[in-house]
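Naming convention: chains lettered A, B, ... in sequence-line order (proteins, then strands); numbering from 1 in each chain. The structure displayed is predicted, hence computed values, not measured ones.
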Protein chains: 2
Amino acid sequence: MPVKPPSDSTGERRGTSYDVARLAGVSQSAVSRCFREGGSVSPATRKRIMAAAEALGYRPNAIAQGLITRRSNMVAVVISNLTNLHYPEVLAELTTRLSNRGIRVLLFTLQNESEIDAVMDQIWRYQVDGAIVAARLSRDQAEVFARSRIPLVLYNRQMEEAPVSSVMCESGAGEAMLVDGMIAAGARAFGLIAGPGDSTVGEARVRAAVERLAQAGLRDVPVDRGDFSYQSGYDAALRLMKAAPLDAIIAANDVMAIGAMDAVRIECSLAVPDRVSVVGFDGVAPARWASYRLTTVRQPVGRMTEAAVSMLMDRIEDASIGPERRLFSGDLLRGASARLA
Amino acid sequence: MPVKPPSDSTGERRGTSYDVARLAGVSQSAVSRCFREGGSVSPATRKRIMAAAEALGYRPNAIAQGLITRRSNMVAVVISNLTNLHYPEVLAELTTRLSNRGIRVLLFTLQNESEIDAVMDQIWRYQVDGAIVAARLSRDQAEVFARSRIPLVLYNRQMEEAPVSSVMCESGAGEAMLVDGMIAAGARAFGLIAGPGDSTVGEARVRAAVERLAQAGLRDVPVDRGDFSYQSGYDAALRLMKAAPLDAIIAANDVMAIGAMDAVRIECSLAVPDRVSVVGFDGVAPARWASYRLTTVRQPVGRMTEAAVSMLMDRIEDASIGPERRLFSGDLLRGASARLA
DNA sequence: CTGTTAGCGCGTTCAG
DNA sequence: CTGAACGCGCTAACAG
């Protein structure tokens, strides 16, 4: 990479601990100690050093610190599609919480899953202290983290066969509440809108709903598939309704549910929830908008992100801590898009 | 301690260029050259080095590289409220584009504007090559970047009195199109929903609308204020409608416009756009949802983020390039929430 | 409590 | 084309 020419014309280099030391008339290591936690420095010299540092606008160089400490105080956050409406909230919470603990976020967003390898390369090069991944990870890729000794926490992803730490929002209880409520209110003709087949959470939600429906004696429920987007939910709902009239639609996430509501109400001209109930999963902000008032299961994003961060930090502090999975349950958000008993 | 710890399972340090050099039987500097652009290495030794690197899973340590080259290949991205629905899209685009140029994103999100100082401290410590800021910055804070010689580009913010690079979506043309269209279609009783007073883009949009209305002979247009959130748009619309019946509402952003639509249609039971036209600004995804089909001005996010990134990169490569402002115009998105002629 | 000394892992002259 | 030597800015023993 092209190196910038050293201090062209007026370009003064940024002050180092050495400059501060000279100005304060002490050794460089005194300055270093002054900026660390348990540094033993006499109040008098500390004062002098701080004054000198202030005068020079000195701040310890985190890059140099990282090189010698082997702690970059950076954590990689990998998110697949930021446009998914639920993730921005997750990302904001993660960033805030990490920041509160003095950790910086190195952000990686993926368009295609294939980019993950390039990302892992960068993660490795940047000596991040750990990684939180909200994207599909193959078993091999998870292994790389393990071999590299980079603590890893998956967010709403699961690694069935490998022992990897993760936090998830469990789908069973939530879907059961939705299904039970709708059945009790008289719904019988159900339809499902699944997410992309490679989404573990999406599949888990659909599976949970299907199982609960089966327990209630409802089998062979039609399932269509979307990609978690509004349009895909809209289209899937239309296909389902065309194939057979339904009185309840369960979508794998809120945005598709919203799309389904619009399709049912606007294109099919059927009242929601009077003729058709629609439910989702996530609890994104638009689900509460007055035009939708979606009945859904809200993920406890605050507790989940806090869990992810603290699990990661624990494993950064002590690399010997083994993997752990934490499962959270969602809260039923009683909107007005489904008849629930 | 010159003795390298044996690769027992606990202590395994990551391989360095020295390790690669030893395995390949060359010097460390040969390895270094091998991983740089124009490094002069004979094909034979290059092959040996690459083989050794492969065997050890060696990757250059970006932290160490940054220390010596003074280029971290990291750029700080500062965003105020990620939950604002328009910003996730911006962030995703910025990240992708930076990533394509081999730059990593160090993300900072702000809850309160007061956090900006702590963020600037971190930006400085981490030796980022530059910063893209989509948050309010005081003149003094911008000065800090200048003094620190950290290239800075503001995104949709403007610094009136100071020469700072920025990319903005210009409001005048867009608001004019909206206003003119609605007036031509017969609207006369306008109401405005502004953003928070400290938002330069928000104020600019309102000012643009007010001016255009004044040109058309419409003065003393009532203005209420929100904070860019759905609820605040909803509430503001109710207050406006209660004070005086309106036939057109102009909101400073899409999310408030959506809130206003819901207030008008659901709480006031007035048809949109038949009785009341509602328009926004941004062009966020939900604006296109069938329940809203918001008439709005879409920001050219792709071109704007590309501009921000390339402006920043240019100034990173050549620090002597002066500030520049780039103004983009939005496209009118003809939805169905306003009667436009 | 303070200074001295040794690196962290790498890029880069400058001799050979 | 290659290697020895130096230093980026800092932390961490270790003496004094």
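Whole-Å rounding puts the B:Y18 OH to D:dG3 P distance at 12 Å. In this structure, CD1 of A:I68 is placed 5 Å from C1' of C:dC8, rounded to the nearest angstrom. C:dC8 atom C1' lies 16 Å from atom CZ of A:R71, rounded to whole Å. Atom CD in B:Q28 sits about 15 Å away from atom P in D:dG7, given to the nearest Å. The CD1-C1' distance, from B:I63 to D:dC8, rounds to 13 Å in whole Å. In this structure, CG of A:D19 is placed 9 Å from P of D:dC10, rounded to the nearest angstrom. Atom CG in A:L67 sits roughly 13 Å away from atom P in D:dC8 (whole-Å rounding). To the nearest angstrom, C1' of D:dC10 lies 14 Å from CG of A:N73.
For a distance-only test at 3.5 Å, the side chain of B:R70 fails to qualify as a donor-acceptor partner of the base of C:dG11. Put simply, the side chain of B:R33 and the base of D:dG3 share a donor and an acceptor less than 3.5 Å apart.
Between B:M304 and the options B:V309, B:V167, B:L327, a side-chain contact (heavy atoms from CB on, under 4.5 Å) holds for only B:V167.
Ion pair B:E317/B:R71 flagged as a salt bridge, since at least one NZ, NE, NH1 or NH2 atom sits closer than 4.0 Å to an Asp/Glu carboxylate oxygen. Classification of B:E160 and B:R325 as a salt-bridged pair fails, no side-chain N sitting under 4.0 Å from a carboxylate O.
Under 4.0 angstrom from either OP1 or OP2 of C:dC10 there lies no side-chain N or O belonging to B:Q65. At D:dA12, one or more side-chain N or O atoms of A:R36 fall inside 4.0 Å of OP1 or OP2 (strictly under the cut-off). Here B:S27 does not reach the OP1 or OP2 of D:dA4: none of its side-chain N or O atoms lies under 4.0 Å away. Distances shorter than 4.0 Å separate some side-chain N or O of B:S42 from OP1 or OP2 on D:dT2. Close to D:dC10, at under 4.0 Å from its OP1 or OP2, lies a side-chain N or O of A:S17.
In this structure, A:T16 reaches the sugar-phosphate backbone alone: every heavy-atom distance under 4.0 Å involves primed, P, OP1 or OP2 atoms, never a base. If you check every strand for non-hydrogen atoms under 4.0 Å, A:V41 touches sugar and phosphate atoms only. Using a 4.0 Å heavy-atom distance criterion, B:V31 is classed as making no nucleic acid contact.
Closest contact between the side chain of A:A30 and the listed nucleotides C:dG9, D:dC10, C:dG3 involves C:dG3.
Applying the 6.0 Å contact sphere to CD of B:E161 captures more than 12 heavy atoms from other residues, nucleotides or ligands.
When each of A:S29 and B:A64 is assigned the nucleotide of DNA chain D with its nearest heavy atom, B:A64 is the one assigned upstream, toward the 5' end.
The shortest non-hydrogen separation linking B:C34 to B:M50 is SG-SD, 4.1 Å. When all heavy atoms of B:N156 and B:M168 are compared, the pair lying nearest together is OD1-CA, 3.4 Å.
A:Y155 places a side-chain heavy atom less than 4.5 Å from the side chain of A:T305.
In the region residues 43-62 of chain B, proximity to DNA chain C at under 4.0 angstrom, judged on heavy atoms, holds for B:Y58, B:R59, B:P60, B:N61.
Residue pairs meeting the ring pair (Phe, Tyr, Trp, His ring centres under 6.0 Å) criterion with at least one member in residues 23-63 of chain B, sequence neighbours excluded: B:F35-B:Y58.
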